[in-house]
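Written out below as C-alpha cells is the structure these notes cover.
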Amino acid sequence: MAAEGSDSEDLNTNGLMEAPSAPEAMEAVHLPTEKEEASEENGGGGASEAPEAAAVTAYNMPLAENEEEEDGEFPADFDRLWKLAHDNPQDFSSWTDLLQYCEQESHMTASRRALVAFLARYPLCYGYWKKFADLERRAGYTNKAQEVCVQGLKAIPLSVDLWIHYINLLLGTLNMNLPESSQRIRSAFEEAVAAAGLDFHSDRLWELYIEWEKEQGDMKAATGVYDRVLRVPTQLYSSHYEKFKTHLNAHAPKDVLSAVEYEGLLEESKQSHKTEKSELAEGEEELPPGEEKEPTEEELIPKMRELLLARREKVYRDLEGEVRKRWNFEEAIKRPYFHVKPLDRTQLRAWHSYLDWELTELGGGGEKEVKTETEPEAMEGQEEKQKESKEGSKSSGIVAGGDQRVRILFERCLIACALYEEFWTKYVHYLEPQSLDEARGVFRRACEIHLAHKHTMHLQWATFEERHGDLTEARRVLEALETSVPGLAMVRLRRAGLERRAGRLDESEALLRDAVAQAKETPHLHAFYSIKLARLLLKLCKNPSKARGVLQEALEISPDDGKLHLNLLELEVSGDPRGSAEGVQQCVTRALAAPLSPQTKILFSQRGLQYAEDYGTSVHSVLTVYEEHQKLLKELGNKKRVAENGDSEDPEKMSKGEDGSAVPAPPQAPPTMPHVPMMTPPPPMMGGDMSAAHAGYGGYGSWHQGLI
C-alpha cells in the first residue's frame with residue numbers, strides 16, 4: 001500500500017527541510033547487506049545494524065561497477081554548474097540549478113554525484129533524499145534506494161514524509177510471502193513512531209501503521225496502535241478517536257482486545273450486569289440459588305463496548321486538554337520548514353515562546369528564567385488553560401510534557417531556524433546539564449553542517465570544550481574554523497589565549513608570531529598582532545628586549561601607527577628609571593619624527609617631559625626636554641593657525657551671498673586638544689618669547705611649590 005502524498009509529491013526548489021531528532025532514534029534502522037544485493041526480487045530480506053557513530057556528513061554512496069562507462073561522459077554543462085556550486089556552497093540556487101540540469105539530462109552518474117555532494121551540504125532536505133531513492137530504484141538498484149532512505153533518516157529522524165517513503169519502498173520491494181518481510185515492515189513502523197511519533201504533525205504515519213495492521217488482519221495490533229496514538233497530542237487527535245470508535249463497533253471485543261484486557265472487561269461487564277439486574281428486581285421474589293441465568297458473552301458485548309468506550313473517553317478528554325494547550329502555539333508557526341530566506345521576527349518570537357512554554361511545563365528545563373514574547377492574541381486564555389489538571393493526563397498515560405517532548409520541539413524548531421545560532425545555543429544550554437555528549441553532538445551538527453561559516457558558534461563550541469577540560473577538542477575546533485574561515489583575528493587570538501591559559505606560553509607566542517608574519521601585507525593588522533605579541537612577551541614572558549624588538553620592527557612597516565608608538569613608550573616607561581631615560585627619549589624622538597597628527601605629537605612630548613620631571617637625574621636634562629617641548633608647541637601652533645585661518649581670499653573659503661556674490665566664510669572653531677592630565681606646567685602662549693624658557697620652567701617650580 002502507498003501512503004497519501006508520499007510518492008507523488010513534487011519537490012520544490014526552495015529547499016524544504018526537516019530537522020533531526022536525537023541520534024539514538026536511528027540506532028535500529030536496518031541497512032541492506034552485501035548478501036541482500038543478490039536478492040533484488042525480494043529487496044533484501046535480511047538486515048544489519050547501521051554504524052552508530054556514522055558521521056552525518058559521510059554520505060558515501062558506492063558507485064555501481066562500470067557505471068561511468070555505461071553512462072559515458074558527463075553532460076556538457078555539468079563541470080560549469082559543478083564549479084559554480086562548489087565555489088559558493090552557501091548559494092542554494094546554484095545547487096538546485098545543478099540538480100535540475102542533471103535530472104533533465106537523465107545522467108545517472110552525474111545525478112548521483114550531484115545529490116551526494118548536495119546532501120552532504122544540506123542533509124535536511126528530505127525531498128531530495130526521496131528523489132535520490134527514487135533515482136536508485138528506477139535504475140534497478142533497490143537496495144541502494146533503501147540505503148539512501150536509511151542515510152536520510154539518520155540525518156532527519158523527525159521527517160514523517162521520509163519515513164513514509166521508506167516504508168512504502170519496503171512495501172513495494174519486499175516479498176510479502178516470506179514471514180520475515182512482515183516482521184521487517186513492523187520493525188520499520190516501530191522505528192518510525194519511536195523517532196517521529198511525538199511530532200504534532202505525525203498523524204499520517206500513525207494512520208499508515210494502523211491501516212497496515214488491519215490489512216494484515218491483526219485487529220488486536222491495530223487497537224494497540226490506536227491506544228498509543230490516543231496518548232500523543234497530535235493535530236488530528238479527534239479523527240483518530242472517531243476512527244477508533246468505528247473500529248471497536250465493527251468488531252467483537254474479543255477480536256480487538258488483548259486477552260488480559262478482554263478478561264478484565266468481561267468480568268467488569270458481568271458485575272455491572274448483576275448490579276443493574278438487582279436494581280431492577282427490587283421487591284420481586286428472588287430465584288433459588290442455581291436457577292439464576294448467567295448472560296452469555298454475546299449478550300454482554302453491548303455492555304463491554306459501553307465500558308470500553310467510557311475508559312477511552314477519559315483518555316480522550318485528557319488528550320484534548322493537552323492539545324488545546326498547544327494549539328495556539330502551533331497555529332502561530334507559519335513556516336515549519338527550512339528556507340534560505342530569513343524568518344521574520346514574529347516567527348522567531350513564536351518559536352521562542354513555544355520553547356519557553358514547553359520548558360516551563362517541564363519545570364524549568366534548565367532555564368530558571370523564561371522570557372516569553374508571545375503576541376497577546378496568541379496567549380489569550382493561555383493562563384486558564386495552563387491551570388487544567390495535569391494529574392488526569394498522568395493517570396491516562398498521555399505523552400504530553402517531559403524531556404522527550406521538549407527535545408522533539410527543539411528538533412522541530414531547528415527545521416525552520418537551522419540558520420539561527422540562538423536556537424542551537426538554547427538547545428545546548430538545555431542538554432548540557434543532562435549529557436555533555438548530547439550537547440557536544442548539537443554543537444557538531446550546528447558547526448559542521450548548518451553554521452559552518454558562522455564563527456561565533458564555533459567559538460562557543462571551543463569554549464564549551466575548554467570549560468569541560470577537553471583542550472584537544474577545543475584546539476581542533478579552532479584550527480578547523482581558522483582553516484574554513486581564514487583571516488579572522490578573533491580566532492587567532494582565541495587560539496593564543498587557549499594555549500596561554502593551558503600554560504603553553506611558547507605555543508601562544510608561536511601563534512602570534514605566525515600571525516604577525518602573515519599580516520605583513522596588511523599594515524593595520526600587522527600592528528594589531530605585534531602589539532598583542534609584545535604585551536605577551538613583556539607581561540608574561542618577562543622579556544622586554546623581545547617585546548621592544550617586535551614593536552620596533554612593526555614601526556618600520558607602520559611608522560604612522562600611533563598605537564605602536566604609544567605601546568613602545570609604555571614599554572620604556574615601565575622599565576627601571578635608572579636605565580630607561582635614554583630609551584624613553586628615543587621613543588619620543590621617533591614619534592615626533594613620524595607622520596603623526598599634531599595632537600598626538602604634543603601628547604608624546606608631554607609624556608616625555610613628564611618622565612624627565614619624575615625621573616631626570618639633572619636639572620639640565622629636564623630643561624633641555626622642556627625647551628624642546630616649547631619649540632614643538634610653537635611650531636605646531638603656527639601650523640595649526642595657518643590651517644585654521646588660511647588665506648582670506650581662498651576661493652574654497654568663500655561662500656555665496658544672497659545676491660550670488662562671494663563673501664568670506666565665517667571662521668570655524670579650532671579643534672579642541674585632547675585632555676592631558678595637569679602633570680606638567682601650563683605652556684606659555686604659543687608664539688611667545690622663547691627666551692623666557694628658563695623663566696617658564698622657574699615659574700613651573702613656583703607653581704609646583706604652591707601645591708605642597
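In terms of heavy-atom proximity, Val477 sits nearest to His458 at CG1-O, 3.5 Å. Counting all heavy atoms, side chain and backbone alike, Cys417 lies closest to Leu348 at SG-CD2, 4.4 Å. The nearest pair of heavy atoms linking Tyr529 to Ala489 is OH-CA, 3.1 Å. When every heavy atom of Leu536 is checked against every heavy atom of Ser508, the shortest pair comes out as CD2-OG, 3.8 Å. The two residues Trp351 and Ala416 have their closest heavy-atom pair at NE1-CB, 3.9 Å. Ser558 and Leu564 get closest at one heavy-atom pair: O-CD1, 3.8 Å.
How far NE2 of His526 is from OG1 of Thr522: 10.0 Å, rounded to the nearest 0.5 Å. Rounding to the nearest 0.5 Å gives a distance of 5.5 Å between CH2 of Trp461 and SG of Cys447. The line from CZ of Arg494 to CG of Leu488 is 11.5 Å long, rounded to the nearest 0.5 Å. From Leu551, atom CG reaches atom NZ of Lys546 across 14.5 Å, with rounding to the nearest 0.5 Å. Considering CG of Leu632 and CD of Glu627, their distance stands at 13.5 Å, rounded to 0.5 Å. Atom-to-atom distance recorded for Gln90:CD and Tyr122:OH is 7.0 Å, nearest 0.5 angstrom.
Considering only heavy atoms from C-beta on, Glu572 stays 4.5 Å or farther from Gln586 through its side chain. Taking 4.5 Å as the limit, every side-chain heavy atom of Leu609 sits out of range of all side-chain heavy atoms of Glu628. Under the 4.5 Å side-chain criterion, counting only non-hydrogen atoms from C-beta, Leu436 is in contact with Phe464. Within the 4.5 Å cutoff, the side chain of Val584 has heavy atoms near those of the Val573 side chain. Side-chain contact between Leu459 and Leu478 is present, with heavy atoms from C-beta onward closer than 4.5 Å. No side-chain heavy atom of Phe443 sits under 4.5 Å from any side-chain heavy atom of Glu448. Between Phe118 and Leu98, every side-chain heavy-atom pair lies at or beyond the 4.5 Å cut-off. Cys587 places none of its side-chain heavy atoms less than 4.5 Å from the side chain of Tyr611.
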Steps toward salt bridge (Lys or Arg N to Asp or Glu O under 4.0 Å) verdict (Asp97, Arg80): CA-CA 11 Å; Asp97 290 343; Arg80 179 181 62 83; over 6 Å; no
Quick one: do Arg513 and Glu509 satisfy salt bridge (Lys or Arg N to Asp or Glu O under 4.0 Å)? Show the steps, please. CA-CA 6 Å; Arg513 285 192 180 277; Glu509 178 185 347; 2.9 Å; yes
Can you list the steps and then say if Asn567 with Arg535 is a side-chain contact (heavy atoms from CB on, under 4.5 Å)? CA-CA 9 Å; Asn567 276 270; Arg535 288 177 179 175; 3.3 Å; yes
Would Asn543 and Ser545 count as a side chain to side chain donor-acceptor pair (under 3.5 Å) if you check the C-alpha gap in whole Å, the side-chain angles of each, and the deciding distance to 0.1 Å? CA-CA 5 Å; Asn543 195 329; Ser545 177; 4.7 Å; no
Dump the intermediate steps for side-chain contact (heavy atoms from CB on, under 4.5 Å) on Val485 and His455, then the final yes or no. CA-CA 8 Å; Val485 189; His455 67 278; 5.6 Å; no
Arg440 and Glu465: salt bridge (Lys or Arg N to Asp or Glu O under 4.0 Å), yes or no, with the steps? CA-CA 8 Å; Arg440 184 175 288 112; Glu465 298 295 356; 2.7 Å; yes
List the steps and the verdict of side-chain contact (heavy atoms from CB on, under 4.5 Å) for Lys631 and Tyr626. CA-CA 9 Å; Lys631 290 179 182 178; Tyr626 184 74; over 6 Å; no
Ring pair (Phe, Tyr, Trp, His ring centres under 6.0 Å) assessment of His524 paired with Phe528: CA-CA 6 Å; His524 71 278; Phe528 173 79; 9.0 Å; no
Decide side chain to side chain donor-acceptor pair (under 3.5 Å) for Gln552 and Glu556; before the verdict, give the C-alpha distance in whole Å, the side-chain angles of both, and the deciding distance to 0.1 Å. CA-CA 7 Å; Gln552 290 174 347; Glu556 294 178 2; over 6 Å; no
Between Leu355 and Glu358, does the side-chain contact (heavy atoms from CB on, under 4.5 Å) criterion hold? Intermediate values first, please. CA-CA 5 Å; Leu355 288 168; Glu358 199 72 70; 5.8 Å; no
Would you please test Asp514 and Arg492 for salt bridge (Lys or Arg N to Asp or Glu O under 4.0 Å) and show each step? CA-CA 10 Å; Asp514 180 65; Arg492 179 53 63 99; 3.1 Å; yes
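For Trp424 and His429, the ring centers sit 6.0 Å or farther from each other. A ring-centre distance under 6.0 Å is not found for Tyr354 and Phe410.
Looking at Trp129, its side chain never comes within 3.5 Å of a backbone N or O of Gln151 through a donor-acceptor pair. Judged by distance alone, the side chain of His450 and the main-chain N or O of Glu421 form no donor-acceptor pair under 3.5 Å. Checked by atom type and distance alone, the side chain of Gln347 pairs as donor or acceptor with a backbone atom of Arg335 at under 3.5 Å. At distances below 3.5 Å, not a single donor-acceptor pair connects side-chain atoms of Lys454 with backbone N or O atoms of Tyr420. Between the side chain of Ser605 and the backbone N or O of Lys601, no donor-acceptor pair lies under 3.5 Å.
Between Glu432 and Arg467 there is a salt bridge, since at least one side-chain N of the basic residue sits less than 4.0 Å from a carboxylate O of the acidic one. Between Glu479 and Arg476 there is no salt bridge, since no side-chain N of the basic residue sits under 4.0 Å from a carboxylate O of the acidic one. Using a cutoff of 4.0 Å between basic side-chain nitrogens and carboxylate oxygens, Glu507 and Arg495 are not scored as salt-bridged. Between Arg407 and Asp403 there is a salt bridge, since a side-chain N of the basic residue sits under 4.0 Å from a carboxylate O of the acidic one.
Note: Tyr430 and Tyr427 have parallel aromatic rings, judged against thresholds of 30 and 60 degrees for the angle between ring planes. Between Phe78 and Phe74, the ring planes lie parallel to each other; the angle is under 30°, not in the 30° to 60° tilted range.
For the residue pair Gln606 and Gln610, no side-chain donor N or O sits within less than 3.5 Å of a side-chain acceptor on the partner.
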